[in-house]
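Below are the structure tokens for one structure; questions will follow.
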Amino acid sequence: MRSPVLRRHVILVGLPGAGKSTVGRLLAAALGADVRDIDLEVERRAGMRVAEIFESYGEAGFRALERREADRAIAGAPAVVIPGGGWAAQPGNLAAVRGRALTVYLHASAEKAAGRVASQGGRPLLDDAEPVGRMRSLLAERSGYYEQCDVRVETEGKSPEELALEIAELALEAGVG
Ligand code: S3P
């Protein structure tokens with residue numbers, strides 16, 4: 001663990017495939033901050049992959065574990081926190097971090113996000129014959145939550161490096177970094 005260099009957390013929000021993990025790592029490197037990847041922390045603690053947790057305990061079981069790990073991360077030293085795309089869409093989660101974190105919505109179209117996850121697998125909610133349609137419904141269900149973030153960053157046409165730089169600048173302007 002590095003000594004805390006951030007005044008508040010930076011939490012990345014957005015659809016699966018929006019680039020949260022890649023951008024989050026680059027952002028943390030740019031800010032000299034630690035990264036808390038909530039899916040990885042859930043998997044480590046449960047000793048199971050996310051897909052296996054969904055299979056054995058259902059989505060509700062996964063959400064409970066996700067919330068516990070995210071709460072742990074948020075109670076810890078300020079870091080770049082990367083929850084899975086569903087975390088921000090659970091009632092109360094975004095409201096609970098208001099004032100303690102800069103929340104950043106990485107906006108991607110359903111088509112782009114579906115294209116990015118297509119080759120990766122391991123996302124039970126997108127295990128569907130119609131991934132673009134499924135992603136469109138996820139976006140429709142969630143955008144009301146996602147849009148409550150402090151800032152919205154458009155990902156279209158930008159590289160992960162450009163996005164990390166843009167968010168690092170926003171974090172500095174917001175007095176977080
Ligand atoms: C989920 C997104 C995944 C993972 C789980 C559920 C979601 O993370 O947490 O499969 O509900 O959107 P990514 O957003 O990193 O793919």
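Just follow the structure's listing: the first ligand is 1, and inside any ligand the first atom is 1.
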Exercise. Of the protein's non-hydrogen atoms, which lies at the shortest distance from atom 4 (C) of ligand 1, and what is that distance?
Worked result: D39 OD2, 3.1 Å
For this session: Could you give me the CA-CA distance, side-chain angles and deciding distance for I167 and L102, then say whether side-chain contact (heavy atoms from CB on, under 4.5 Å) is met?
Result: CA-CA 10 Å; I167 301 168; L102 177 74; 5.6 Å; no
For this session: Check if M135 has a non-hydrogen atom at a distance under 4.0 Å from any atom of ligand 1.
Result: no
For this session: Please report which non-hydrogen protein atom sits nearest to atom 16 (O) of ligand 1, along with the residue it belongs to and the distance in Å to one decimal place.
Result: R123 NE, 2.5 Å
Exercise. Going by the order shown, which atoms of ligand 1 are within less than 4.0 Å of some heavy atom of L125?
Worked result: 7 (C), 11 (O)
Exercise. What about G86: any of its N or O atoms under 3.5 Å from an N or O on ligand 1?
Worked result: yes
Exercise. Taking NZ, NE, NH1 and NH2 as the nitrogens, is one of them in E69 or R36 under 4.0 Å from a carboxylate oxygen of the other?
Worked result: no
For this session: Please identify which atoms of ligand 1 are closer than 4.0 Å to at least one heavy atom of P124.
Result: 10 (O)
Exercise. In terms of side-chain geometry, is the basic nitrogen of R49 or E52 positioned less than 4.0 Å from the acidic oxygen of its partner?
Worked result: no
Exercise. What are the atoms of ligand 1, with element, lying closer than 4.0 Å to any heavy atom of R63?
Worked result: 7 (C), 11 (O)
Problem set entry | Close N or O approach (G85, ligand 1; < 3.5 Å) | yes
Problem set entry | F54, CZ atom: more than 12 neighbouring heavy atoms under 6.0 Å | yes
Exercise. Between K20 and D37, does at least one N-O distance fall below 4.0 Å, as a salt bridge requires?
Worked result: no
Exercise. If you count the atoms of ligand 1 from 1 in the order shown, which ones are under 4.0 Å from a heavy atom of R142?
Worked result: 7 (C), 11 (O), 12 (O)
Problem set entry | Salt bridge flag under 4.0 Å for residues E156 and K158 | no
Exercise. Measuring from the heavy atoms of F62, does anything fall under 4.0 Å of ligand 1?
Worked result: yes
Exercise. Considering only the protein, which heavy-atom contact is closest to atom 5 (C) of ligand 1, and what is its distance?
Worked result: V50 CG1, 3.8 Å
Seminar exercise, completed: In this structure, CG of N93 is separated from CD of Q90 (nearest 0.5 Å) by 6.5 Å
Exercise. Do E41 and R45 meet the salt-bridge criterion of a basic N to acidic O distance under 4.0 Å?
Worked result: no
